[in-house]
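Some notes on the structure that comes next.
Just so it is clear, the model here is predicted, and its values are computed rather than measured.
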Protein chains: 2
Amino acid sequence: QPVKDMLMRNANHYLIPADIVANVQADNNLYHAFLVLTKIKYSRIPVLDNAGHFKGLISLPMITEQMLGFDQLNVDVLMEKRVSDVMETAVKTVPNVDDVEATLHMMINDPFVPVVSDDGMFLGIVTRREYMKSFNFLTHE
Amino acid sequence: QPVKDMLMRNANHYLIPADIVANVQADNNLYHAFLVLTKIKYSRIPVLDNAGHFKGLISLPMITEQMLGFDQLNVDVLMEKRVSDVMETAVKTVPNVDDVEATLHMMINDPFVPVVSDDGMFLGIVTRREYMKSFNFLTHE
Ligand SMILES: Nc1ncnc2c1ncn2[C@@H]1O[C@@H]2COP(=O)(O)O[C@H]3[C@@H](O)[C@H](n4cnc5c(N)ncnc54)O[C@@H]3COP(=O)(O)O[C@H]2[C@H]1O
Ligand SMILES: Nc1ncnc2c1ncn2[C@@H]1O[C@@H]2COP(=O)(O)O[C@H]3[C@@H](O)[C@H](n4cnc5c(N)ncnc54)O[C@@H]3COP(=O)(O)O[C@H]2[C@H]1O
């Protein structure tokens, strides 16, 4: 099982640690999140609380959807609502990067999987890109 | 080379045909594209001309960036500018799905690759999800 063995061997390489993962705070207003997501260009990022716990995911469409009005865009809503009001909370996470096979299965539908400890601390993410690099390597040997 | 053989065998399964790929027209105004990208939730979609030729890619951040103003968001700009004013045009494409290995290599950095014929007609896209499904299958045998 060359594919499985290779994945297992590289397990710890797949984690992108929390300190280099862009995020916003659950209590930020939508205007702040709008600016962050417009500047950094990542399409979907983690939402944390002030103590570093994982709370959910946020993307620009979740925010711009709040701006849709009857005849014109509502900009005031961005100062009136918070990230916690619109973020996605039903998010599959893994406690560590050890079960590479289970994580691969999750990434069929999700471009990344947050790694969250049993006490809710955000540890980092595992992304499709890292797996794609491994498979590319495999096709060349 | 089990990985390479499997990829070759499934080449034609990887193409998502043009008729089910969400897109906008190059001459649409940004307001229209803003609404489309807010509703459909795909983070980045192809831009076509009225004859079905591939012109570029568009995402919500490319549009919201135009709204950033001195002290408040500028909504009028969405009616004043067109998709062609902000879209990304330096896009790597492939003429067909035959070179599965080359396409896999491109998808290390791009979540999808547009398939565009030699005379510029948009034929569809190849996505990471399809490759992830194949690798998931490989790890289970
Ligand atoms: N600034 C950048 N530099 C280099 N490449 C970039 C990039 N922004 C996007 N990409 C490329 O585009 C892919 C999709 O990015 P997206 O933001 O939609 O989707 C991303 C994003 O939602 C999240 N992500 C990845 N790295 C992140 C980070 N440092 N902070 C926050 N979220 C991250 O994981 C998803 C999958 O990431 P993945 O790396 O597999 O795949 C990335 C990567 O190949
Ligand atoms: N409505 C939906 N139904 C089911 N799953 C959904 C979905 N929207 C997003 N996903 C999941 O999220 C992944 C990333 O989507 P994203 O829109 O950032 O990035 C997408 C999007 O930019 C583009 N794309 C995929 N299908 C498309 C379509 N039918 N029309 C336009 N663009 C498409 O290709 C990228 C990679 O797509 P991929 O399938 O590998 O990966 C998709 C898929 O696994």
Do [X] and [Y] land in one hydrophobic cluster if side-chain heavy atoms of ILVMFWY residues count as linked below 4.5 Å?
X: A:Leu30; Y: B:Leu68; value: yes
X: B:Tyr31; Y: B:Val24; value: yes
X: B:Val116; Y: B:Ile20; value: yes
X: A:Tyr14; Y: A:Phe112; value: no
X: A:Ile58; Y: B:Ile63; value: yes

Query raised in the report: Say you draw a straight line from CE of B:Met132 to NE2 of A:His105; how long is it, rounded to the nearest 0.5 Å?
Result: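 Result: 11.0 Å between the selected atoms.
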Report task. First locate atom CG of A:Leu104, then atom CZ of B:Phe135, and finally report the distance between them rounded to the nearest 0.5 Å. Result ->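 Interatomic distance, A:Leu104 CG to B:Phe135 CZ, rounded to 0.5 Å: 9.5 Å.
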Report task. Could you please state which residues from residues 74-94 of chain A sit under 4.5 angstrom from chain B, measuring non-hydrogen atom to non-hydrogen atom, sorted by number, or 'none'? Result -> A:Val75, A:Leu78
Query raised in the report: When only heavy atoms count and the cut-off is under 4.5 Å, which of residues 36-47 of chain A reach chain B?
Result: A:Leu37, A:Thr38, A:Lys39, A:Lys41, A:Ser43
Please list, one pair per line, the donor and acceptor atoms closer than 3.5 Å that link side chains of residues 124-131 of chain A to other protein atoms, with sequence neighbours excluded.
from, atom 1, to, atom 2, distance (Å)
A:Arg128, NE, A:Met107, O, 2.9
A:Arg128, NH2, A:Met107, O, 3.3
A:Arg128, NH2, A:Ile108, O, 2.9
A:Arg129, NE, B:Ile108, O, 3.3
A:Arg129, NE, B:Asn109, OD1, 3.1
A:Arg129, NH2, B:Asn109, OD1, 2.9
A:Tyr131, OH, A:Val100, O, 3.3

Requested in this report: Heavy-atom distances under 4.5 Å only: say whether A:Leu35 touches chain B with side chain, backbone, both or neither.
Outcome: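 The answer is the side chain of A:Leu35.
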Query - Which residues share a side chain to side chain donor-acceptor pair (under 3.5 Å) with B:Gln72, sequence neighbours left out - result: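 Not a single residue meets the side chain to side chain donor-acceptor pair (under 3.5 Å) criterion with B:Gln72.
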Query raised in the report: With only heavy atoms counted, which part of B:Met67 is less than 4.5 Å from chain A, the side chain, the backbone, both or neither?
Result: side chain
